[in-house]
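A short worksheet on the structure shown next.
As a basis for the values below, the full set of heavy atoms in this structure was taken, side chains included, without hydrogen atoms, waters or symmetry mates.
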Amino acid sequence: MFNKTLLAMLVGSALLLGCNSSNDDPATVPDTGIETPTPEPDTGVIALTDLDTVYGYASENGGTTGGSGENKVEITVCTGEEMINAIKNKDPSRPLTIWVNGSITLQNAKDSRIDIKDVSDVSIIGLGNQGEMAGIGFNIVRAENIIIRNLRIHHVRANLGAPGDGISMEGPVRNIWIDHNEIYNSLTVADPSLTEDQVKDYYDGLVDAKGDAQFITISFNKLHHSWKTSLVGSSDSDNYDRTITYHHNHWYNVNSRLPLFRFGKGHIYNNFYDGAIESGINSRMGAVIRIEHNHFANMKNPVMSMYSQEPGFWQLIDNIFDDITWQESPDDGVVAGEAAESTGELTPPYDYSASLLPVHNVKATVLAYAGTGKIDTPPSPGLCAPAEPAEPEPTEPEPVPIDPVEPPASVDWNSYDGSVQPFTDGALALADGSLSTFEPQQSGGADEPNLFSANGDGTVRFDSTANSADRSRAKLSAVAPDDGVYPKFFTLLMGVTGNSSGNRILETEVALGDANAVAASRLKIILRNDGNNSGIQLENANNGSSVTAGKGNEPDALDMSAYRIYHFTVALSSPTTGNVAIYTDGNNTPLLQLEGVTMRPASNGSDNYLQIGDAGGSSYLGDIDWVLWSSAGAYTPNMLKGLLPAGVGNISGYEAQP
């Protein structure tokens, strides 16, 4: 952690007349005896004529051209399915421009997101005012030279089998230009049963960048009505030299993350901020941000470094602070405050002088030019045909009460003992006496790397620290009955040793679907050892909200570097609702217990699997001793004393009771 002694090393300039400036003091004006009134600064709109020019970091590394250029292919789409097919079938040797002529939805995409994955040289641009992404966002993964412009992207839910962001960039990505869009969610949800935390987690970010993301410009966008607006770096261990420019954006009616920026370099210039409930720019974990010619109004803590293990830094150049509330710096962070000073220095490697506005013209000019309908596009070929009426959705069966589970006399376990890596033939011993193996998965049509390796001592190591963007997942299907009978149960135990290096440990996912179901539940578990975020995280398990147990900054914090037995139970009363409990080390008192919650939906109603590894975006490091699972009941630790298979590994806490 850091404290205010950091400020003794800071270099900067004091605020003058509501601005802070790096300019030298003006020369002394001779006293003529005649009082000359100070002219009011020009606050009008400056006419802009180069809205198609890429400025900022996206202009580096050869520039960002997207789907333009010789031999390009152009296609106009009305549905998400057409857009997905155009991206999947792109000719690698030809640039592709996709013109969006209507509303792209979950229904007409027949998917939970639009993947821009393992491709390059693509532009996706709305025609006139007609391009819309309604409830579905973009997931940019292992891609380069991508442009997204002139689209309304809104109300992308956080728990529908997708990243949950309007635009998610997960490295490695290079040369991305996000320009002249309107991206928003809502600060409220029309469900009175949701808690405030659940409302905040109902949607995710508007524009997020994780992993190795470089040469990105986010410009002339309207970004509004969001709790978690723009995240750069998913955790304090997501350590990459990200390079991102934000310029001429209008941020308003938001809560925080404007952006939240970990590691790397950021350049934020000519933005108009109008209203932020909690905070604005949050520079963390050594990030250095040049904050230049921005107008901050009606908000709290426009510039700060809070909530991480290490501070970030900023250089303040001629910004306006108008009607600002500053919080006093806490012991574990720094708020710039009324006498805001620079704490670092960044010199951008590119020329942006032609796009840099005088600070007093920023508000009017950004209001005039940000958002959709401001750039020239070809004319629309006509409105898209109306969608065919949707077939009525099958009604979900009424929840069945979950009866108490009696202690078993024995358990027919499915097991993986960690003596060999999970893709080895016969690595799994199933409850019916047969042997099986985990199956490797694919991302974007390519086999994922095998990041599991046998340690030679009966344990297997999972290690993605060489490249946190790598996905590596071992999956076994058909782990629970798919007969549609409820209640349905699942018990999962894992003997896992964490790490002491501040990385996440392991990601595990269970999906409990039926062969003909229209909905199914899944439980996504992340074991973490990254500072205050450490502990056990269940993603979107609690009526759409993520929950944690044993978190690093809470009274019941777990030592996630040690060997532990993690014990999870699921009891479903219907395909989508049920109870979840977490136990550790044979302790019969739950670390976390959720009753009658709506579970996170599976991607497909028939999804039925157990999966271990990680899905990319963060570094994972942990040793797996063993994994046991059963669909016969939701068994507490006391029910299982003496019932774990002999010789599976270290089962401390589950030995037979005297």
Any donor-acceptor pair under 3.5 Å from Asp42 side chain to Asn361 backbone: no
Check: Arg473 main-chain N/O paired with Asp614 side-chain donor or acceptor under 3.5 Å: no
Within residues 332-353 or reaching into it, pairs that qualify as ring pair (Phe, Tyr, Trp, His ring centres under 6.0 Å) - sequence neighbours excluded: Tyr57-Tyr350, His267-Tyr350, His267-Tyr352, Tyr269-Tyr352, Tyr350-Tyr352
Single hit among Asp165, Asn255, Asp201, Asp208 for side chain to side chain donor-acceptor pair (under 3.5 Å) with Lys228: Asp201
Main-chain N/O of Ser464 paired to Asp470 side chain as donor or acceptor, under 3.5 Å: no
Electrostatic pair Glu539:Arg522 at N-O distance under 4.0 angstrom: no
Worked check of side chain to side chain donor-acceptor pair (under 3.5 Å) between Thr195 and Asp197: CA-CA 5 Å; Thr195 66; Asp197 285 342; 5.5 Å; no
side-chain contact (heavy atoms from CB on, under 4.5 Å) between Tyr566 and Leu527, intermediate numbers included: CA-CA 9 Å; Tyr566 300 97; Leu527 305 180; 3.8 Å; yes
Glu132 and Arg152 ion-paired at < 4.0 Å: yes
Heavy-atom check, side chain of Trp314 versus side chain of Ile281, under 4.5 Å: no
Main-chain N/O of Leu621 paired to Asn499 side chain as donor or acceptor, under 3.5 Å: yes
Short side-chain to backbone donor-acceptor contact, Asn294 and Asn271, under 3.5 Å: yes
Atom of Gly266, atom of Leu346 and distance for their closest heavy-atom approach: O-CD2, 3.2 Å
Parallel, tilted or perpendicular, as decided by the 30° and 60° cut-offs, for the rings of His224 and Tyr252: parallel
Side chain proximity check, Lys265 to Asp241, heavy atoms < 4.5 angstrom: yes
Candidate pair Asp238 and Arg262, rule salt bridge (Lys or Arg N to Asp or Glu O under 4.0 Å), full reasoning: CA-CA 8 Å; Asp238 187 5; Arg262 293 181 176 100; over 6 Å; no
Partners passing salt bridge (Lys or Arg N to Asp or Glu O under 4.0 Å) against Arg257 (at least two apart in sequence or in another chain): none
Thr217 and Ser219: side chain donor to acceptor below 3.5 Å: no
Side-chain donor/acceptor of Arg504 to backbone N/O of Ser618, under 3.5 Å: no
Qualifying residues under side chain to side chain contact (heavy atoms under 4.5 Å, CB included), relative to Ala213, sequence neighbours excluded: Val173, Ala209, Ile216, Arg242
Residue pair Trp326 / Val303: nearest heavy atoms and the distance that separates them: CZ3-O, 3.7 Å
Ring pair (Phe, Tyr, Trp, His ring centres under 6.0 Å) against Tyr246, all qualifying residues, sequence neighbours excluded: Trp251
Heavy-atom check, side chain of Ile526 versus side chain of Leu538, under 4.5 Å: no
Contacts of type salt bridge (Lys or Arg N to Asp or Glu O under 4.0 Å), residue Glu60, not counting sequence neighbours: none
Test side-chain contact (heavy atoms from CB on, under 4.5 Å) applied to Asp322 and Asn298, step by step: CA-CA 7 Å; Asp322 176 18; Asn298 311 307; 5.6 Å; no
Sub-4.5 Å side-chain heavy-atom contact between Glu341 and Leu316: no
Any donor-acceptor N/O pair, Asn145 side chain to Gly66 backbone, under 3.5 Å: yes
Stepwise side-chain contact (heavy atoms from CB on, under 4.5 Å) check, Val254 with Met299: CA-CA 10 Å; Val254 290; Met299 61 185 294; over 6 Å; no
Any Ile183 side-chain heavy atom under 4.5 Å of Val207 side chain: yes
Taking every non-hydrogen atom, the tightest pair across Thr245 and Gly56: OG1-CA, 3.4 Å
Under 3.5 Å donor-acceptor, Asn150 side chain and Gly126 backbone: yes
Minimum side-chain heavy-atom gap Thr343-Val334 below 4.5 Å: no
Ring geometry between Phe462 and Tyr620 (parallel below 30°, tilted from 30 to 60°, perpendicular above 60°): perpendicular
Contacts of Lys222 that satisfy salt bridge (Lys or Arg N to Asp or Glu O under 4.0 Å) - sequence neighbours left out: none
Backbone N/O of Phe313 and side chain of Ser283: donor-acceptor pair under 3.5 Å: yes
Counterpart residues, salt bridge (Lys or Arg N to Asp or Glu O under 4.0 Å), relative to Glu278 (two or more places apart): Lys300
Minimum-distance pair of heavy atoms, taken over all atoms of Gln309 and Asp236: N-OD2, 3.1 Å
Ring centre gap for Tyr369 and His248 strictly below 6.0 Å: no
Side chain to side chain, Arg157 and Tyr203, heavy atoms closer than 4.5 Å: yes
Closest heavy-atom pair and its distance - Val156, Gly166: CG2-CA, 4.1 Å
Phe296: partners by ring pair (Phe, Tyr, Trp, His ring centres under 6.0 Å), with sequence neighbours left out: Tyr273, Phe321
Under 3.5 Å donor-acceptor, Ser468 side chain and Thr465 backbone: no
Contact check, side chains of Asn139 and Ile116, non-hydrogen atoms, under 4.5 Å: no
Contacts of Thr53 that satisfy side chain to side chain contact (heavy atoms under 4.5 Å, CB included) - sequence neighbours left out: Asp50, Tyr55
Asn175 versus Thr64, side-chain donor and acceptor atoms under 3.5 Å: yes
Test ring pair (Phe, Tyr, Trp, His ring centres under 6.0 Å) applied to His295 - qualifying residues, sequence neighbours left out: Phe272
Test side-chain hydrogen bond (donor to acceptor under 3.5 Å, both in side chains) applied to Thr365 - qualifying residues, sequence neighbours left out: none
Ile146 and Arg174: CA distance, side-chain angles, deciding distance, side-chain contact (heavy atoms from CB on, under 4.5 Å) verdict: CA-CA 8 Å; Ile146 307 297; Arg174 297 287 186 274; over 6 Å; no
The single option from His247, Lys374, Arg149 passing side chain to side chain donor-acceptor pair (under 3.5 Å) against Asp179: Arg149
Residues forming a ring pair (Phe, Tyr, Trp, His ring centres under 6.0 Å) with His293, sequence neighbours excluded: none
Reference residue Gln537; test side chain to side chain donor-acceptor pair (under 3.5 Å); the match among Glu507, Lys551, Arg528: Arg528
Parallel, tilted or perpendicular: ring planes of His154 versus Tyr184, cut at 30 and 60 degrees: parallel
